[in-house]
Amino acid sequence: MDDIVRQAIAKWPHVPNCFGWLGLDARGNWYMRDDQAQAAGPFAGPGAAPAGASRGSLLKHDKLVDFIQRNYESDAQGQWFFQNGPQRVYVELEATPLIWRVDGAPDFAVTAHTGQRARVQRCVVDEHGRVYLDTDAGFGLVHTLDMEQAADAIEQGLWVPAELPARELPARFGYVRSPQSLQKT
């Protein structure tokens, strides 16, 4: 977390949390979700608007994306957030809290969409053939462009996938896909 963010938390400790305004897609892209996007439906899953109307605006400003990624973490309930100064902005997840990029052979190193390197501890495949990695940095989906490298690591026996249904992954690996939906209950 950035020092300026820590200082803001200390100066203003009781700023309310923000829900629904930021989303992370299955390719590691960030989306700002204004009132109109939120009114169109949830960020992902059942009820999401066709053609991505509920996604919002893709964030393209490199310095803003870097700031979000440096200050991205989870709380004790498995809800992921961006610490924006004194305010926690909880993130709506299309898939998982981390999106993994995979290097080729021979090391098959993995790097999160945030730039953080990690060591693979476990591999999971769901009923749709999507590959997930549980690492020392957390759980995430392998980026679609890196499926060939993931398949090579599996074929070489470096990663031995366990089969799990996608619906069980959040509970099994301790993350919440929609913190906003928990606010409505």
Side-chain angles (χ1 to χ4, degrees), residues 1-2 4-101 112-116 126-128 130 132 137-145 165-185:
M1 188 179 298
D2 289 0
I4 194 166
V5 172
R6 283 191 244 290
Q7 293 168 9
I9 293 169
K11 188 172 182 177
W12 299 289
H14 303 294
V15 174
N17 296 328
C18 179
F19 294 89
W21 286 86
L22 188 62
L24 178 69
D25 76 4
R27 296 176 66 105
N29 297 309
W30 296 99
Y31 287 83
M32 183 64 64
R33 303 181 69 236
D34 61 14
D35 287 332
Q36 185 176 4
Q38 290 183 53
F43 182 71
S54 62
R55 281 190 182 244
S57 302
L58 175 66
L59 295 180
K60 296 179 182 179
H61 191 279
D62 291 338
K63 288 185 179 187
L64 174 58
V65 169
D66 289 344
F67 181 66
I68 291 170
Q69 294 181 163
R70 283 193 316 271
N71 296 287
Y72 178 60
E73 56 189 64
S74 66
D75 66 15
Q77 290 75 41
Q79 300 175 103
W80 285 75
F81 62 90
F82 153 53
Q83 188 71 48
N84 183 24
Q87 184 174 53
R88 284 187 176 182
V89 179
Y90 281 90
V91 178
E92 298 294 296
L93 305 172
E94 180 179 12
T96 58
L98 299 169
I99 306 301
W100 297 112
R101 300 306 311 255
H113 70 281
T114 61
Q116 181 180 10
D126 72 12
E127 68 273 23
H128 305 290
R130 292 177 293 217
Y132 303 83
F139 185 77
L141 176 68
V142 171
H143 193 288
T144 56
L145 295 178
R167 71 181 178 284
E168 292 180 13
L169 298 177
R172 173 76 68 94
F173 294 98
Y175 63 95
V176 175
R177 287 188 55 210
S178 178
Q180 182 180 27
S181 68
L182 299 179
Q183 300 305 301
K184 296 177 181 177
T185 57

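All values below come from the heavy atoms of this structure, side chains included, with hydrogens, waters and symmetry mates left out. Since we're looking at a predicted model, the values are computed, not measured.
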So, for [X] and [Y], which heavy atoms are closest and what is the spacing to 0.1 Å?
X: Ala166; Y: Asp126; answer: CB-OD2, 3.7 Å
X: Val176; Y: Leu182; answer: CG1-CD1, 3.7 Å
X: Tyr31; Y: Gly56; answer: CD2-O, 3.8 Å
X: Ala95; Y: Arg177; answer: O-CD, 3.6 Å
X: Ala49; Y: Ser54; answer: N-OG, 3.4 Å
X: Arg33; Y: Pro42; answer: NH2-C, 3.8 Å

>> Consider ring pair (Phe, Tyr, Trp, His ring centres under 6.0 Å). Of Tyr72, Phe82, Trp30, which one does Phe67 pass it with?
In response: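 Of all the options given, the one that passes is Phe82.
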
Is there side-chain contact between [X] and [Y], with heavy atoms separated by less than 4.5 Å?
X: Thr144; Y: Arg27; result: yes
X: His143; Y: Trp100; result: no
X: Leu98; Y: His113; result: yes
X: Leu59; Y: Leu22; result: yes
X: Gln183; Y: Asn17; result: no
X: Asp75; Y: Arg88; result: yes
X: Trp21; Y: Gln38; result: yes
X: Glu73; Y: Gln83; result: no

> So, Arg130 versus Tyr132: side-chain donor-acceptor pair below 3.5 Å or not?
Replying inline: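 Yes, side-chain donor-acceptor contact under 3.5 Å.
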
Measure the spacing between [atom1] of [X] and [atom2] of [Y] and express it to the nearest 0.5 Å.
X: Arg167; Y: Glu127; atom1: CZ; atom2: CD; value: 7.0 Å
X: Phe19; Y: Ser181; atom1: CZ; atom2: OG; value: 10.0 Å
X: Ser74; Y: Phe81; atom1: OG; atom2: CZ; value: 7.0 Å
X: Leu24; Y: Leu141; atom1: CG; atom2: CG; value: 10.0 Å

Looking only at atom types and distance, does a side-chain atom of [X] sit under 3.5 Å from a main-chain N or O of [Y], one as donor and one as acceptor?
X: Glu94; Y: Phe43; result: no
X: Glu92; Y: Gln180; result: yes
X: Thr114; Y: Gln69; result: no

>> Could you work out, with salt bridge (Lys or Arg N to Asp or Glu O under 4.0 Å) as the rule, every residue matching Arg101, not counting sequence neighbours?
In response: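 Result, salt bridge (Lys or Arg N to Asp or Glu O under 4.0 Å) vs Arg101: Asp146.
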
>> A quick test of your reading: do over 12 heavy atoms of other residues, nucleotides or ligands sit less than 6.0 Å from CD of Gln36?
In response: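 Counting neighbours around CD of Gln36, 12 or fewer heavy atoms of other residues, nucleotides or ligands fall under 6.0 Å, so no.
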
